[in-house]
Structures are given as C-alpha cells and as structure tokens.
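Chain identifiers are assigned alphabetically (A, B, ...) following the order of the sequence lines, protein sequences preceding nucleic acid strands; residue numbering begins at 1 within each chain. Hydrogens, waters and symmetry mates play no part in the numbers below; they use all other heavy atoms, side chains included.
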Amino acid sequence: MKKFSLTHPHHDMFATERKWLCDTMYISWIFSMATTIVWFRNCLRLHDNLSLLEASKSENVVCLFMFTPSVYNSNYMGINRFQFLLESLQDLQTQLRKKYNGDLILVKTNSSYRKAFETLLKSNASIKKIVYEYDSTPYAKKRDESIKNFVHKEFPDVKFLSFQGHTLTDLDKVVNQKGFKNPSNTKMMIKLMLNEYGKSSKSSGINIPAPLNAPLKLKFNSNLVHEIEKMDDSITVLKKVPELHELNDVFGDEFKDIDVEAIKKHSYFKGGETEALRRLREKVLDNADFVCNFEKPKTSCVPSSESMFREPSTTGLSPYLAAGCLSVRMFWDAVDKSYQTKKHVKVDNLTVSLYGQLLFREMFYILNEAIGEKFSQNTKSNPAITKYIDWNEQDPVLLQAWKDGKTGYPFIDALMRQMKATGWMHHLGRHAVSCFLTRGQMFQNWTYGRDVFDRLLIDSDYSLNTGNWLWLAGIAPYSMPYFRVYSPCPEETKKSALNFNKGGNEFIRYWVPELANFPTKYLTKPWECPVSAQKMYGVIIGKDYPKPIVERKNTNLEKFRVNLMENRLKTPHTSPPSKKQKL
DNA sequence: GGATCCGTTGTAGCT
DNA sequence: AAGCTACAACGGATC
C-alpha cells in the first residue's frame, strides 16, 4: 500500500506554489551562502575548465591550490617542472585577478590534502561544494577517492565532484563502451573515437566537441582567506606565488641545493595558460604550412642550427598539455582550424599528423584507465598486458651513468644532459635513450628509466610516460617489433631514423663540452680516435670523457627473443608463421 | 574459418 | 642514390 500524503500533487492544490516557494527560498539561501571551492591541481587554466564553469553557477567561489608534502617532494618532481608549475600558478593568479577581480589562494600545509580539507570544512560552514579535474594516475585516484569518502562521511552536505577535462574523451565512458577492446593502434583509436563522437566533415573526420569558453563572470568569496589565516598552524596562506630561490625558506631543505640561474638559463618553456595560448597561436593557428606538412618521424631530436637550440622541431606544447595550461580539445580544435585555412588539403597520413599525436596520447590514457595499476607494473602476474622480460640484475653503476649522461656514448649523454638541464628532450631522443637503457645496450629494467623521466621532464604525464616506455622497451601491448633497435652512434647509419644529420654534431658539442673541439669523424664514437690524436685535441678518453660503459654491439636481441618465447602467455602456434620461401 | 595483411618513427648490406 | 632484403613476434582486422 502506498502511503497517502497530503502533499501529493493530486491531493494538494497548493503543491505547485509550495514547491515554487521552497525552491525560491532554497535558491536564495544558496546564493547568499554557498561557497564552491575550485581545487586546482592540473587544469591550470581558465578556458575549457569544467570545474570553473560548474563553480560559476555558485555565488561564492574560492580558487585554491595546495602545496602539500606530495607536491614539493623533490624525489618526485624535478626542479624544472617545479619552476614550470610556479610560473603556471603565477599566470593563473594574475588572470583570475585581472579577469574576475578574484584570486588564487595558495595554501601550504605539512599535512595531507585530506587533513587540509578537514580543517577548511570544519571552520567554514558555507563551503558546500568542492570541484576539481579528474586525475587518472593511480596515486591521484586513490587519494581523491579517499578524500571523497571522507567528505561524504564527515560532511554529508558537502559535494565533492570531479570533471573530466584532461583528455578528449570521458575515460570512464569510453572503457565502458559496448564491445570495448584495449586500443593498440591508430585504426582502433579512430574507430573508438567515431563510436564516441561520430563523423565530421572537418579534416580529422571525427566530431570532437569544441573547447568551452571561460566563464564570463565569477564571484569570489574573499572572506575565506582571512578565516584560513586564523586557523591552526597546520595550514598557512602564502602571500604570493613563491620564487624558486625562496622555496628553501618556505618549504625547508628540499630545495637548498638548487641553482636558480642555471634553470633560468636553460629553460625552454615558460609555464602558464597565457604562454600556452601564445604558443598555440604561433605554432598551430598561424602556421598552417607546418601543421599540414607535419610528419612526426621526420622531426628531429636535434636542433637544425645553433640558433635553434631553444626551439624544438615539434610544437613544444606537451608541457602545457601535461599541466593543463592548454586543453587538449583546444589543441585539436586549433589543428582543425589550421587545416581549414588550406582548402582541399587532405590529411594523407593521420597517424603521423598532429591529430595522430593527440590520438596516441588519448590511447595511453584509455589503456591506463582500462588496465589500472598493472599498466605500469613490471610483473609476471599479468603477461597479457605487458610482455614479461627477465631484465639483467639492477646495475647501479650503469643506471647512474645513464642518468648522469656519462655512458661514454656522446649522443646518449648529450640527450640525457639536455633533459637534466632543461626538463625537455625531443620524442625521438627519448626513443634513443630508452632503447639504450633497455633492449638496446644495457638490458636494465624499463621502470628505472620511467621514473627518471617522470621526475625530470617538465611535460611528464603518467600515462604517456608509461605507455611510451613500454613501447620502447619492446614489451607494450601494442605493436613494436623488438628487433628495431636504434643506433647510439646514429651518424654512421646512412639514414638514421633519429634524423641525427639535422644538427646532431652541433648538439653533441653543445651538451658534451668535453668534446667541443673533438673531430667530427669521431664525435659519436670518441673511443675509436687514436690516442695520439686524443692528446692533440687535449681530450683523453677514459680520463676527460668516459670510455663506453657497455658494449656498442647489440648482444641483447637474442636474449630478448628467448625471453618472449619462454614467457608468452599463449601457447605457441602449432605451425611456425609462414614465410616467403626463396625459389 | 583459414590465410593474409598490418602495425607512427631500425639498421646493415647489397645491388 | 634509391630501393630491396634479412632480421622475424604476434594480435587483430580483413577478405
């Protein structure tokens, strides 16, 4: 039996009016009281920011960034990425002030995010909603889930909402598509994207939703900052975005040994949305020739001339995508627009085009979402996902030499030193050094290299980093013939896939100054230079620059092949794969 | 259902 | 000089 209720519409002639009254009162109460916190982590931008748009519905907004020990732990975040983060925060704060007469509140705490939220929520009853961008790294997933559960339990009136804006697709939705299979190449990605968004007449052929504009208006709650200042000592408000050299005072010993001048001297990219949009215009919107002719494998890991040392042959937009200074939908849209200015230009190889690059990015995110933590684990327990290889026992001497750029292979060392100094390395350079560490010369576990990249690169992006390392180690759940090994001395190959000939020698001379005056003939293999000549050039190999720390000749291919055969999940084919026989 | 083709970016040696 | 071949694993798509 249903309960009979006076308020049931059929029995209550004033129900509509009453509901209207209640709604009005509720809305006016919300408008006068409720505060929404926009919790910035990634997504350091105003455009295409779903959390900010959600907050714009609220009368009182607080934009918040929290420095916790997990942010300023230099074990996880290299100094260049930290500098990039600070610049991005500075830009965000400036923009919020200019555009909305608002602010970005920066707080510092020595406790966890969860504890910080507890302090905030306990002391201010007007906080009704916390919004943030979804972060799919395993660490962030666990952290956000735990805070969410805590808030639900302890503060049931407060909504804790995430929005997906870091990727082209809603990752949850995609991996739950009917008939979803882990994508492993461009074709599967296009199919998946068409399934999600449908066709379009634009050059990409996929109807990716356009990026959203920044909210027109935001009303800020300026009281909260004063309240935070009165709270307990565990949480403090920073008066301004700190400079790198001030971090030692603010955070303790983490940054005591940094060389600020060196970082500023080498940095290629200034952080922030403003710079991201400027670069997008310069490299994509105003550069249709470059966009329409872009072929990733033809770009070079070395600069084309000395004057170009600071400018990559690609777009250089990856650091901005990683920190969310640039929305990936904004990037896609700009590529579309650029193609449109060239009528009748067809994308003849989508895979190597800029579209392709963004699809690979998406693919790695989707794989991470679908596979979970095992995506990045080097374990025998899940060989269906990554092929298992018994890498050589960890060799600290080899690993340290690789990390410090002291392997005795000038090309490899130049690339590693560039990454350490600038926080950036071209994609093909990353291929060269990761191949060298794993199946190429050192046969060391790829996870070591992955972690070094994660810390040092300013564009480090968990899913992309992991996906690319799996690829280069030759164990990815997608195509990568293991016998395609890059030469660490690429000048000797007639047609290097690394495009070394586009300035490789100058690149080595710049980053390995020990060899600045060494003869070009021996520049990538200095150990072959006769000792008498070494004396003449004033560089003794083994003293002024190391001898090669591992064999140049690749002896690992056979080991790799045997590993694959022994450790593969599925039973071998009953008959060997057919081969064309010579007559 | 079986054969065949394909996969963002290799290198060395030969003609 | 450009183009071929050997090296040769394997899952998924296509016919």
Between [N] and [M], how far apart are the two [atom1] atoms, rounded to whole Å?
N      : M     : atom1 : value
B:dG2  : C:dA9 : P     : 22 Å
B:dT8  : C:dC7 : P     : 25 Å
B:dG10 : C:dA1 : P     : 22 Å

Quick check on [N]: is either OP1 or OP2 less than 4.0 Å from any side-chain nitrogen or oxygen of [X]?
X        : N      : result
A:Lys298 : B:dT8  : no
A:Arg484 : B:dT9  : yes
A:Ser487 : B:dT11 : no

Practice problem: Would you jot down, in residue-number order, the residues of residues 350-358 of chain A having a non-hydrogen atom under 4.0 Å from DNA chain B? | Solution: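 Result for residues 350-358 of chain A: A:Thr351, A:Val352, A:Gln357, sorted by number.
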Take atom [atom1] of [X] and atom [atom2] of [N], then tell me their distance rounded to the nearest Å.
X        : N      : atom1 : atom2 : value
A:Asn195 : C:dA13 : CG    : P     : 13 Å
A:Phe364 : B:dT8  : CZ    : P     : 10 Å
A:Asn349 : B:dC6  : CG    : P     : 14 Å

Among the candidates [options], find the nucleotide nearest to the side-chain atoms of [X].
X        : options               : result
A:His427 : C:dA13, B:dT9, C:dA8  : B:dT9
A:Asn185 : C:dA13, C:dA9, B:dT8  : B:dT8
A:Met188 : C:dG12, B:dA12, B:dT9 : C:dG12

Quiz prompt | Working for side-chain contact (heavy atoms from CB on, under 4.5 Å), residues A:Leu326 and A:Arg45 | solution = CA-CA 7 Å; A:Leu326 177 66; A:Arg45 62 173 183 260; over 6 Å; no
Quiz prompt | Note, A:Lys283 side chain near A:Thr314 side chain (heavy atom, < 4.5 Å) | solution =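 No. Closest side-chain heavy atoms not under 4.5 Å.
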Practice problem: Using a 4.5 Å cut-off on heavy atoms from C-beta on, say whether the side chain of A:Leu317 contacts that of A:Val284. | Solution: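 Yes, close enough: below the 4.5 Å cut-off.
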Quiz item: Just checking, any donor-acceptor pair under 3.5 angstrom between side chains of A:Asn499 and A:Ser300?
Solution: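 Their side chains do not contain a donor-acceptor pair, so the 3.5 Å distance test is not met.
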Quiz prompt | Any donor-acceptor N or O pair under 3.5 Å, side chains A:Gln444, A:Gln394 | solution =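 No, no side-chain donor-acceptor pair sits under 3.5 Å.
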Quiz item: Could you spell out the base pairing of DNA chain B in dot-bracket, with Watson-Crick or G-U pairs whose two distances are under 3.5 Å, [ ] crossing and | to another strand?
Solution: .||||||..||||||
Quiz item: Got a donor-acceptor contact below 3.5 angstrom from the A:Asp170 side chain to the A:Lys173 backbone?
Solution: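 Indeed, once roles are kept as given, a pair shorter than 3.5 Å links the two residues.
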Exercise. Any chance you could lay out the side-chain contact (heavy atoms from CB on, under 4.5 Å) test for A:Gln418 and A:Trp511, step after step, and finish with the verdict?
Key: CA-CA 7 Å; A:Gln418 179 195 29; A:Trp511 285 110; 3.8 Å; yes
Practice problem: Decide whether a cation-pi geometry holds between A:Lys202 and A:Tyr339; the criteria are a distance under 6.0 Å from NZ or CZ to the six-membered ring centre and an angle within 45° of the ring axis. | Solution: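 Checked: cation-pi criterion not met.
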Quiz item: Please, which pairs that meet ring pair (Phe, Tyr, Trp, His ring centres under 6.0 Å) have at least one residue in residues 175-204 of chain A, sequence neighbours excluded?
Solution: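 Qualifying pairs, neighbours excluded: none.
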